[in-house]
Amino acid sequence: MWITGDTMPELPDVENFRLYFQKTSLNQKINSVQVKELRFLTEIDQFSLQRLLTENRFSETFRHGKNLLVRIGTDPWLTVHFGMTGYIKYYSDISQEPPFDRLLINFSNGNHLSFSDQRIFGRVGVTSSPEQFIKEHHLGPDALQIDEKRFLELFSRKKRALKTLLMDQTFMAGIGNEYSDEILFRAGFLPGRNSSTLDIEELKKLFRSVKEVIHTALKAHAVKKLFPDDYLLKNRRKGSRCFRCNAVMQTLRFGGRTAYYCPGCQR
DNA sequence: AGTACCACCTGACGGC
DNA sequence: TGCCGTCAGGTGGTAC
């Protein structure tokens with residue numbers, strides 16, 4: 001049982017990693033820690049990290065947006081961001097070590113936990129508490145936790161492209177490029193549409209779409225092939241056609257990110 | 001203050 | 001055949 005990083009790690013993928021970590025890696029004594037890529041660490045050097053973890057145990061997990069936090073005994077928390085190619089793998093035989101392993105934790109029971117990340121966009125760090133981490137990184141409310149009231153409050157104060165807003169982690173945390181496309185496709189709004197042009201009913205529709213997409217993704221364990229067939233995510237590539245109206249999907253660039261949308265279904 | 005955009009990173013892919 | 005440019009995307013820093 002391990003997780004490959006089938007999609008870019010957005011909220012549902014990271015929630016999946018959290019549950020996996022919870023099932024595999026809690027309450028086991030840590031024998032040693034190997035930092036294989038120094039650029040993978042942030043806010044802490046390899047020797048401090050080794051001192052902090054060795055002879056200790058992970059005690060609980062937490063997630064906010066795309067960030068996984070793991071408490072180190074009764075001490076600070078390890079913070080994990082998966083970038084765009086990151087994932088974790090727990091295994092018993094070192095021959096199963098994944099490629100691009102950046103941080104390796106060896107437990108006293110003989111098992112291993114690897115933090116793999118081909119492109120090294122991910123980061124592992126340390127923080128005193130989840131609240132402190134959220135504050136330091138100016139993260140908005142978690143997209144899985146946010147309720148309609150708070151969502152409407154936040155939107156009423158913004159005048160930006162819907163696509164940009166959904167991906168802004170300081171606005172709301174957890175949605176990235178791929179899921180924002182899906183949310184807008186299912187709600188029927190163009191990615192470049194300005195948030196200030198939505199009336200209250202349209203905002204509620206957008207909110208429902210955020211929830212629907214996240215919950216569908218969680219149910220599918222963020223594995224694309226398990227998504228419903230009418231999901232844009234399953235077919236998000238150049239030249240593909242809309243499942244609903246058969247129009248050729250179009251693309252637009254937003255700050256270096258490519259948005260896919262249907263010119264027929266989205267307004 | 002709020003918003004927009006680029007550098008970072010690596011591998012796959014297409015064109016010539 | 002092989003080289004080179006382009007694309008993929010989350011985040012933090014910088015520029016406006």
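Computed over heavy atoms, backbone and side chain alike; hydrogens, waters and symmetry mates excluded. Quick note on labels: first sequence line is chain A, next is B, and so on, each numbered from 1.
Between A/Phe115 and A/Phe40, the angle of the ring planes lies from 30° to 60°, which puts this pair in the tilted group. Below 30°, between 30° and 60°, or above 60°: for A/His64 and A/Phe62 the angle between ring planes is below 30°, a parallel geometry.
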Determine, stepwise, if the pair A/Asp229 / A/Phe243 fulfils side-chain contact (heavy atoms from CB on, under 4.5 Å). CA-CA 8 Å; A/Asp229 284 339; A/Phe243 298 102; 5.6 Å; no
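Residues A/Asn56 and A/Gly73 come closest through the heavy atom pair OD1-CA, 3.7 Å. The heavy-atom pair separating A/Asp101 from A/Lys36 by the smallest distance is O-CB, 3.5 Å. A/Val35 approaches A/Gln50 most closely through the heavy-atom pair N-NE2, 4.5 Å.
Residues A/Gln169 and A/Asn67 are not in side-chain contact: their nearest non-hydrogen atoms beyond the backbone lie 4.5 Å or more apart. Put simply, the side chain of A/Asn111 does not reach to within 4.5 Å of the side chain of A/Thr24, judged on heavy atoms.
Residue contacts for A/Phe100: at a heavy-atom cut-off of 4.0 Å it reaches the sugar-phosphate backbone alone, with no base atom in range. At a threshold of 4.0 angstrom between heavy atoms, the contacts of A/Arg236 are confined to the sugar-phosphate backbone, with no base atom among them.
Protein chain A contacts DNA chain B over a range whose 5' and 3' limits, counting nucleotides with an atom under 4.0 angstrom from a non-hydrogen atom, are B/dT3 to B/dG11.
A/Gln118 has its CD atom 15 Å from the C1' atom of C/dG10, to the nearest Å. The NE2-P distance, from A/His81 to C/dG9, rounds to 15 Å in whole Å. Going from atom OH of A/Tyr179 over to atom P of C/dA8 covers 19 Å, rounded to whole Å. To the nearest angstrom, P of C/dA8 lies 13 Å from CG of A/Leu252. Atoms CZ (A/Phe82) and C1' (C/dG10) sit 14 Å apart, rounded to a whole Å. One atom, CE of A/Met8, and another, C1' of C/dT11, lie 15 Å apart when rounded to the nearest Å. Summarising the geometry, the separation between CE on A/Met167 and P on C/dT11 is reported as 10 Å, rounded to the nearest angstrom. One can place CE of A/Met84 at 12 Å from C1' of C/dT11, the figure rounded to the nearest angstrom.
A/Gln28 is linked by a side-chain hydrogen bond (donor to acceptor under 3.5 Å, both in side chains) to A/Tyr90, A/Asn109, counting only residues two or more places apart in sequence or in another chain.
A/Arg102 and A/Ser116 are not linked by any side-chain donor-acceptor pair at a separation below 3.5 angstrom, with hydrogens and angles left out of the test.
Within the structure, a side-chain polar atom (N or O) of A/Lys66 is placed less than 4.0 Å from OP1 or OP2 of C/dT11. Put simply, A/Thr258 has a side-chain N or O that comes within less than 4.0 Å of OP1 or OP2 on C/dA8.
Axis orientation changes by 60° from one end of the helix from B/dG2-C/dC16 to B/dC16-C/dG2 to the other, with each end axis drawn from 5 pairs and the value rounded to 10°.
Listed by residue number, the members of residues 154-161 of chain A with any heavy atom below 4.0 angstrom from DNA chain B are A/Lys158, A/Arg160. Of the residues in residues 127-137 of chain A, those with a non-hydrogen atom less than 4.0 angstrom from any atom of DNA chain C are A/His137.
Residue side chain A/Arg257 does not reach the base of C/dA8 through any donor-acceptor N/O pair under 3.5 Å, judged by distance alone.
Among residue pairs with one or both ends in residues 133-143 of chain A, those qualifying as side chain to side chain donor-acceptor pair (under 3.5 Å) are A/Arg63-A/Asp142, A/Gln132-A/Glu136; sequence neighbours excluded.
Side chain of A/Thr42 to backbone of A/Gly125: no donor-acceptor contact under 3.5 angstrom is found.
Within the cation-pi definition used here (under 6.0 Å to the ring centroid, within 45° of the axis), A/Lys234 does not qualify as a partner of A/Tyr231.
For A/Phe58 and A/Phe21, the ring centers are positioned less than 6.0 Å apart.
Comparing A/Arg253 and A/Ile175 against DNA chain C, the residue whose closest nucleotide sits nearer the 5' end is A/Arg253.
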